[in-house]
Amino acid sequence: MTVGEYQVVIVKYGTRTTVRSEVYLNYPLYGQPDGSIGMDYYFWVVRSPQLTVVVDTGFSAEGGDKRRRTTLVPPADAFARLGIDTSRRLPVVVTHAHYDHIGNLDLFTAADIHINQQELDFWASRHAQRTLFHHSVEDHELGQLAAAQAEGRVHPFGDRLALAPGLEVLRVGGHTPGQSVVKVNTSEGVVLLASDAMHYDEELDSDLLFMSVADVVEMYEGIDLITSMRNSGEVQHVVAGHDPGVLDRYKPLGGPLEGLAATIGELA
């Protein structure tokens, strides 16, 4: 491992089964048959001998139960099994503020939280209470984010954030106003953690859009950007936010998270 290289850990902590017409926006327009589709829930850890960064914190027990999601491992347990002390000061990147991405933010009582400014502003606006947006959040979890901001631990960024050498966060918008992706250098090439800018691989391959969207044009622009980064060789690995096939493509982590985690890159 060289300076500016990291290992990415992908942790699958939850799952559900639904149908394609509930996943994709205006699905009948595509002329494809409906059918069952899985949806997995992940958080990510970017780590090196010098730095550990948590990317999103998963859904809470309450948020998952309310929506009938299946928890495979409570995120708090997964963090502990990875040796992450959530009480110490460390960077946490919030790609967006939906319930399945900030549900355990309260565990990180001393963390520096990095979130896009437009995302932060939106969820404090009157539009946050509109049904098409509000169904994806928990008010008390947004309150925890606001409390961290009041403590001076929230660090908003604009279109780009160079968090550390070889580690960059980029706003793409679309799914939410401040939806962000994370670009990471590893020994196996550059990884793009697409989060919910791309829920499933086939969104890129078939030009499908996820059903939950704040700005349709920005979501298309995000898909185009990710496609361009992949096709140009700027990134070697694109990790979708909810695709059930993600873990199958990478090296299993094993140990206390066997079957639930995989890695990209080496950890010295």
Side-chain angles (χ1 to χ4, degrees), residues 1 3-15 40-60 71-96 98 100-115 153 155 161-170 180-197 235-243 246-268:
M1 173 174 283
V3 175
E5 282 189 354
Y6 305 87
Q7 181 183 67
V8 172
V9 183
I10 305 162
V11 179
K12 181 173 78 171
Y13 69 91
T15 191
D40 286 346
Y41 293 80
Y42 302 94
F43 67 81
W44 307 272
V45 176
V46 176
R47 61 187 185 179
S48 73
Q50 296 80 31
L51 181 67
T52 297
V53 179
V54 174
V55 180
D56 293 340
T57 62
F59 59 61
S60 66
T71 299
L72 302 172
V73 57
D77 291 354
F79 293 128
R81 294 181 199 183
L82 289 170
I84 296 172
D85 180 356
T86 59
S87 69
R88 73 178 180 86
R89 184 176 182 181
L90 79 169
V92 173
V93 173
V94 172
T95 65
H96 63 298
H98 281 175
D100 52 327
H101 295 262
I102 65 166
N104 298 281
L105 202 59
D106 59 329
L107 296 175
F108 294 85
T109 53
D112 291 308
I113 300 165
H114 301 273
I115 184 171
R153 296 192 294 110
H155 307 280
L161 169 65
L163 190 59
L167 179 55
E168 186 177 23
V169 189
L170 301 87
S180 300
V181 299
V182 183
K183 189 178 173 185
V184 187
N185 289 353
T186 78
S187 60
E188 297 176 17
V190 180
V191 176
L192 188 72
L193 298 176
S195 179
D196 288 6
V235 301
Q236 284 70 53
H237 308 277
V238 178
V239 179
H242 290 275
D243 197 295
V246 167
L247 293 188
D248 297 338
R249 292 197 295 273
Y250 301 110
K251 181 181 178 181
L253 179 62
L257 284 174
E258 186 167 0
L260 296 176
T263 63
I264 309 173
E266 297 300 321
L267 180 64

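Everything numeric in this text was worked out from a predicted model, so none of it was measured.
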*Asks:* Determine the minimum heavy-atom distance between S180 and V169, stating which atoms define it.
*Replies:*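 Looks like CB-CG1, 3.8 Å.
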*Asks:* A76: which residues meet the side chain to side chain contact (heavy atoms under 4.5 Å, CB included) condition with it, sequence neighbours left out?
*Replies:*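 Checked A76 against side chain to side chain contact (heavy atoms under 4.5 Å, CB included); matches are L107.
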*Asks:* Distance from S60 atom OG to L105 atom CG, nearest 0.5 Å?
*Replies:*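 These two atoms lie 11.0 Å from each other.
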*Asks:* With sequence neighbours left out, what residues match T263 under side chain to side chain contact (heavy atoms under 4.5 Å, CB included)?
*Replies:*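 Only Q7, V9, K251, L253 meet the side chain to side chain contact (heavy atoms under 4.5 Å, CB included) criterion with T263.
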*Asks:* Is there a side-chain contact between V190 and V184, using heavy atoms and a 4.5 Å cut-off?
*Replies:*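 No, their side chains stay 4.5 Å or more apart.
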*Asks:* Given P75, which partner from the list V54, N104, V11 fulfils the side-chain contact (heavy atoms from CB on, under 4.5 Å) test?
*Replies:*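 Going through the options one by one, the only one that passes is N104.
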*Asks:* I'd like to know if the side chain of H98 pairs up with that of D196 as donor and acceptor (distance under 3.5 Å, no hydrogens or angles considered).
*Replies:*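 Result is no, nothing qualifies.
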*Asks:* Are P91 and H114 close enough that some pair of their side-chain heavy atoms sits under 4.5 Å apart?
*Replies:*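 Counting from C-beta outward, P91 and H114 do come under 4.5 Å.
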*Asks:* Give a yes or no on whether the ring-centroid distance for H101 and F59 is below 6.0 angstrom.
*Replies:*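 Not under 6.0 Å, so no.
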*Asks:* By side-chain hydrogen bond (donor to acceptor under 3.5 Å, both in side chains), which residues pair with S87, not counting sequence neighbours?
*Replies:*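 Listed in chain order: D85.
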*Asks:* Give me the atom names and distance for the closest heavy-atom approach of L51 to A164.
*Replies:*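 Here L51 and A164 meet closest at CD2-CB, 3.8 Å.
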*Asks:* Checking S187 side chain against E266 main chain: does a donor-acceptor pair fall under 3.5 Å?
*Replies:*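 Present.
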*Asks:* Between T86 and T109, is a side-chain contact (heavy atoms from CB on, under 4.5 Å) present by the stated rule, with each step listed?
*Replies:* CA-CA 7 Å; T86 59; T109 53; over 6 Å; no
*Asks:* Which residues pass the side chain to side chain contact (heavy atoms under 4.5 Å, CB included) test with D40, not counting sequence neighbours?
*Replies:*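 D40 satisfies side chain to side chain contact (heavy atoms under 4.5 Å, CB included) with K12, T15, Y42, P244 once adjacent residues are dropped.
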*Asks:* Is there a side-chain contact between V92 and V53 in this structure, where contact means two heavy atoms from C-beta onward sitting under 4.5 Å apart?
*Replies:*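 Answer no - side chains too far apart.
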*Asks:* Considering residues at least two apart in sequence or located in another chain, which fulfil the side-chain hydrogen bond (donor to acceptor under 3.5 Å, both in side chains) criterion with T95?
*Replies:*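 T95: side-chain hydrogen bond (donor to acceptor under 3.5 Å, both in side chains) contacts with D56, S195.
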*Asks:* Who are the salt bridge (charged side-chain N to carboxylate O under 4.0 Å, His left out) partners of D243, not counting sequence neighbours?
*Replies:*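 Salt bridge (charged side-chain N to carboxylate O under 4.0 Å, His left out) list for D243, sorted by chain: empty.
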*Asks:* What distance separates D106 CG from T57 OG1, expressed to the nearest 0.5 Å?
*Replies:*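 Reported value, rounded in 0.5 Å steps: 8.0 Å.
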*Asks:* How far does CG of N185 sit from OH of Y6, to the nearest 0.5 angstrom?
*Replies:*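 N185 CG to Y6 OH: 8.0 Å, rounded to 0.5 Å.
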*Asks:* Is there a side-chain contact (heavy atoms from CB on, under 4.5 Å) between R88 and T52? Walk through the geometry before answering.
*Replies:* CA-CA 11 Å; R88 73 178 180 86; T52 297; 4.0 Å; yes
*Asks:* Name all pairs fulfilling the salt bridge (charged side-chain N to carboxylate O under 4.0 Å, His left out) condition that reach into residues 182-195, sequence neighbours left out, sorted by first residue then second.
*Replies:*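 Non-adjacent pairs meeting salt bridge (charged side-chain N to carboxylate O under 4.0 Å, His left out): K183-E234.
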*Asks:* Apply side-chain contact (heavy atoms from CB on, under 4.5 Å) to L192 and V182, showing your working.
*Replies:* CA-CA 6 Å; L192 188 72; V182 183; over 6 Å; no
*Asks:* Can you name the salt bridge (charged side-chain N to carboxylate O under 4.0 Å, His left out) partners of R249, sequence neighbours left out?
*Replies:*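 D201.
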*Asks:* Below 4.5 Å, heavy atoms only, C-beta onward: do R81 and V73 meet side chain to side chain?
*Replies:*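 SC-SC contact between R81 and V73 confirmed.
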*Asks:* Any ring pair (Phe, Tyr, Trp, His ring centres under 6.0 Å) involving residues 72-92? Give me the pairs, sequence neighbours left out, ordered by first then second residue.
*Replies:*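 Pairs touching residues 72-92 that pass the test: F43-F79, F79-F108.
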*Asks:* Run V45 and V55 through side-chain contact (heavy atoms from CB on, under 4.5 Å) and show every step you take.
*Replies:* CA-CA 6 Å; V45 176; V55 180; over 6 Å; no
*Asks:* Output all residues satisfying salt bridge (charged side-chain N to carboxylate O under 4.0 Å, His left out) with D112, sequence neighbours left out; order by chain, then residue number.
*Replies:*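 Partners of D112 under the salt bridge (charged side-chain N to carboxylate O under 4.0 Å, His left out) test: R89.
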*Asks:* The criterion is side-chain hydrogen bond (donor to acceptor under 3.5 Å, both in side chains); which residues satisfy it with Y41, sequence neighbours excluded?
*Replies:*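 Per chain and number, Y41 pairs via side-chain hydrogen bond (donor to acceptor under 3.5 Å, both in side chains) with R16, R69.
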*Asks:* Would you please name every residue forming a side-chain hydrogen bond (donor to acceptor under 3.5 Å, both in side chains) with D77, sequence neighbours left out?
*Replies:*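 Testing D77 for side-chain hydrogen bond (donor to acceptor under 3.5 Å, both in side chains), a comparison that skips the adjacent residues, returns none.
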*Asks:* Hey, are the side chains of L193 and V181 touching, using non-hydrogen atoms and a 4.5 Å cut-off?
*Replies:*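 When only atoms from C-beta onward are counted, V181 and L193 do not touch, as no gap falls below 4.5 Å.
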